[in-house]
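Note sheet for the following structure.
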2 protein chains.
Amino acid sequence: MKTTIKDIAQITGVSITTVSQILNNKGQRFSEDTRQRVLKAVKDHDYNPDYFAQNLIKRESKTIGMIVPDVTDLFFSKVIEGVEAYLTKKDYMILLCNSNHSHEMEKSYIKQLLNRSVAGIILASPNSLELETSLQSSPYLLIDRGLNTRAEGNLLVKEYEGSYESVQYLVNNGHKSIGMLTNELGYYEMSERYEAYRQCLTDNQISFQSEWIEDGPVTIEGGYEAAKRLLKRTKVTALCCGNDQMAIGTYRAAYELGLTIPDDLSVIGFDDLEISSYLNPPLTTVAQPAFEIGYTAATYLFQSIKNPGVKIPNKTFETEFIVRGSTQPVDK
Amino acid sequence: MKTTIKDIAQITGVSITTVSQILNNKGQRFSEDTRQRVLKAVKDHDYNPDYFAQNLIKRESKTIGMIVPDVTDLFFSKVIEGVEAYLTKKDYMILLCNSNHSHEMEKSYIKQLLNRSVAGIILASPNSLELETSLQSSPYLLIDRGLNTRAEGNLLVKEYEGSYESVQYLVNNGHKSIGMLTNELGYYEMSERYEAYRQCLTDNQISFQSEWIEDGPVTIEGGYEAAKRLLKRTKVTALCCGNDQMAIGTYRAAYELGLTIPDDLSVIGFDDLEISSYLNPPLTTVAQPAFEIGYTAATYLFQSIKNPGVKIPNKTFETEFIVRGSTQPVDK
DNA sequence: CTGAAAGCGCTTACAG
DNA sequence: CTGAAAGCGCTTACAG
């Protein structure tokens, strides 16, 4: 049997009101003597107010829900780490949901989370969403990555600018046939990167060839398969990969096709995962601050929980183009 | 205002008892008419029983806690994925805790989790633990990776056998100077792998040199630093890395020191992360079933929650030695 | 300085 | 077939 407040009251010989007030630092001053006696009993019996009973009244679940498309994705796990790092300091815990990139799952998770009276939700989804309706009243929502219909609580990254910069870099280095690996599902950030790529080609009078594009899942294997199809089919001197994981797959595809990076093929990723600088050759990529995105998301959400009226700010994160060994001038 | 059971009762014109019983499929049969009316009202108003009020009575939080040393670790995120995959089917959710390899954090998380009346806890910790006391009474515990003092609920991997096999393979291929990268913290599984390495050398009459060993954090960077120190200091023809991440770091270290894998140095990892087969060269490694470990952990824990009396089984997972391109005979 | 009472939103004997 | 009442373990006016 768990000890309850009643037990403590009985042991100490005071009322449960007194115990409760002392524990919550409420009410008028109690005699130091009773205070001590209560506190001692609490300690001796390792008493903790029941979470559910307490919440029935206080409505402070100190829990937030977080939904990610894939926990094993290196980008998202870094975001989770950031969220956790902030929230744990505030004594909040996070209910983690893995949506497997499924929009249906996301909706179902949101419902479950809401039922559990979470104080807020962080939804990391590249899907464009019409979730507003279900989320409107209750807790606060914060989206990372992805275009949204709402005016607040959007955490975005300069996908377009980051991607544009990387393509321009290739062009500046003499590349004229530049491929791109995108994803099959039309994710927001992938579209942005793709649009930037197209625009950059246009701006540089390079006429786009449809066979320069290939899509697949945004995973290592997805990148491998997509790159293999693309490289077998056509000759490009450089390949912009949707993200670093796809770039890793590309390394393998290139290797199998007898292409050396960067001599025969320049490769650029997006994300700057920890692993990317350790690849052979180290990957040229567009860095985005995954941990910071998570940390900021948590910070904003927390503030919003504490100040229900106030709007959640938006924030757009900068990217940083990092040149490493996987790219080189085309004529070298 | 959230709709409560009272609202539904009022709207339908029945008692709250009736609403509750219908919703829980309890009590004697109600007239089909009232059933329908209640169900409709519930639907119309999107009524959901309050999680806290319900739990105050039912004590079924349908939540488990999971503590991992590092969410961004590729092995653990795979384990998490396995846990989540099983639990989500059971309508359970998981409170994720990132202990950052800290024993103190683990203890603090366990306490918090217990306060929240989780139905069980999955602790993925390489630390040896004296947590039994705090966990004894309340929920069920399940440990993955790590030696423990308790007789049930241990999920282990054949670390020793897996490691031994890999070292023996090197010996069989003519390697006589074989280094090893371990971790600094004395993790259980790392000790096992190390012990197997030592024993295998002994069994093959290879006299161990202390400079063949180097330790560091079990991360990419940790492996990089450790390998660099080791390879600078001494000449080995093969290096067994504590895990795949360390092996990835080793690739970089070898590259920077002008060593070609596998020509100058054979490298073996442990884990078989998805990424490992995509490395250049593909990594020879000892595979362990991370997803399955997580899935099994969740299964056992769930069963134990449902059958409180019954002991949680132990399970030891097999490893599989996978030869890829990072190793070759020494005389080739 | 302290306690009896009401109430949070439910479920579950129990009675009719 | 249905409802009034007690109770889960707390907190919080309110009264003294």
Side-chain angles (χ1 to χ4, degrees), chain A residues 1-42 45-63 112 114-119 137-139, chain B residues 1-42 45-63 114-119 137-138:
Chain A
M1 244 347 267
K2 233 182 104 173
T3 32
T4 69
I5 195 170
K6 226 171 169 175
D7 300 328
I8 301 295
Q10 211 156 302
I11 291 160
T12 331
V14 297
S15 72
I16 60 169
T17 307
T18 303
V19 177
S20 173
Q21 308 230 92
I22 288 177
L23 253 29
N24 290 293
N25 292 313
K26 287 264 173 73
Q28 310 78 297
R29 212 178 286 87
F30 295 92
S31 76
E32 191 54 26
D33 177 51
T34 35
R35 264 189 50 101
Q36 291 309 332
R37 278 190 7 255
V38 167
L39 259 25
K40 182 166 181 334
V42 165
H45 297 265
D46 192 30
Y47 166 70
N48 287 296
D50 182 75
Y51 179 69
F52 299 120
Q54 204 167 32
N55 266 295
L56 186 52
I57 301 167
K58 287 192 157 183
R59 307 255 131 225
E60 247 201 312
S61 66
K62 292 210 175 196
T63 304
Q112 279 188 64
L114 257 23
N115 271 350
R116 282 158 183 263
S117 300
V118 290
S137 62
S138 319
Chain B
M1 246 342 271
K2 233 182 105 172
T3 32
T4 69
I5 195 171
K6 225 171 169 175
D7 299 330
I8 301 295
Q10 212 156 300
I11 292 161
T12 331
V14 297
S15 71
I16 59 170
T17 308
T18 302
V19 177
S20 173
Q21 309 230 92
I22 287 177
L23 253 29
N24 291 293
N25 291 312
K26 288 266 172 71
Q28 310 78 297
R29 212 178 284 88
F30 295 90
S31 76
E32 192 54 24
D33 178 49
T34 34
R35 265 188 51 99
Q36 290 309 331
R37 280 195 1 258
V38 168
L39 260 24
K40 182 167 182 331
V42 165
H45 297 265
D46 191 31
Y47 166 70
N48 285 297
D50 182 75
Y51 179 70
F52 299 121
Q54 201 166 235
N55 267 293
L56 186 52
I57 303 167
K58 288 192 156 184
R59 307 254 130 226
E60 247 200 314
S61 65
K62 292 207 175 199
T63 304
L114 256 25
N115 272 349
R116 282 158 182 262
S117 300
V118 290
S137 63
S138 320

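Lettering of chains follows the sequences in order, A, B, ..., and the numbering in each one begins at 1.
Of the candidate nucleotides dG7(D), dT2(D), dG9(D), dG9(D) has the atom lying nearest to any side-chain atom of D50(A). Distance from the side chain of A53(A) is smallest for dC10(D) among the nucleotides dG3(D), dC10(C), dC10(D). With dT12(C), dG3(C), dT11(D) as the choices, the nucleotide that has an atom nearest any side-chain atom of S20(B) turns out to be dT12(C).
dC10(C) atom P lies 15 Å from atom CD1 of I22(B), rounded to whole Å. For Q21(A) and dC14(D), the CD to C1' distance is 11 Å, given to the nearest whole Å. In this structure, Q10(B) places its CD atom 13 Å from P of dG3(D), rounding to the nearest Å. As a whole-Å value, the separation of K6(A) NZ from dT11(D) C1' is 15 Å. At whole-Å resolution of the value, CD1 in I5(B) and P in dC8(D) are 18 Å apart. N115(B) has its CG atom 14 Å from the C1' atom of dG9(D), to the nearest Å. The nearest whole Å value for the distance from the CG atom in N55(B) to the C1' atom in dG7(D) is 16 Å. As rounded to whole Å, 14 Å separates atom P of dG7(D) from atom CD1 of I16(A).
Of all non-hydrogen atoms in F52(A) and R59(B), the two that sit nearest each other are CD1-NH1, 3.9 Å. Between V14(A) and V38(A), the shortest heavy-atom contact is CG2-CG2, 4.1 Å.
If you check dG3(C) for Watson-Crick or wobble pairing at under 3.5 angstrom, you find it paired to dC14(D).
Here Y47(A) lies in heavy-atom contact (under 4.0 Å) with sugar-phosphate atoms only. In this structure, N24(A) reaches the sugar-phosphate backbone alone: every heavy-atom distance under 4.0 Å involves primed, P, OP1 or OP2 atoms, never a base.
In this structure, Q54(B) reaches the dT11(C) phosphate: one of its side-chain N or O atoms is under 4.0 Å from OP1 or OP2. Distances shown here put every side-chain N or O of T17(B) at or beyond 4.0 Å from the OP1 or OP2 atom of dG3(D). Contact check, T18(B) against dG3(D): a side-chain N or O comes under 4.0 Å of OP1 or OP2. Note on S31(B): a side-chain N or O is less than 4.0 Å away from OP1 or OP2 of dT2(D). The phosphate of dG9(D) (OP1 or OP2) has no side-chain N or O of T4(A) nearer than 4.0 angstrom.
Separation of atoms OG1 (T3(B)) and CG (D46(B)) is listed at 7.0 Å; rounding is to 0.5 Å. Going from atom OH of Y47(A) over to atom NZ of K6(A) covers 12.5 Å, rounded to the nearest 0.5 Å.
Between T34(B) and V19(A), the one whose closest nucleotide on DNA chain D sits nearer the 5' end is T34(B).
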Please test N115(B) against Q54(A) for side-chain contact (heavy atoms from CB on, under 4.5 Å), starting from the C-alpha separation and ending with a verdict.
-> CA-CA 11 Å; N115(B) 272 349; Q54(A) 204 167 32; over 6 Å; no

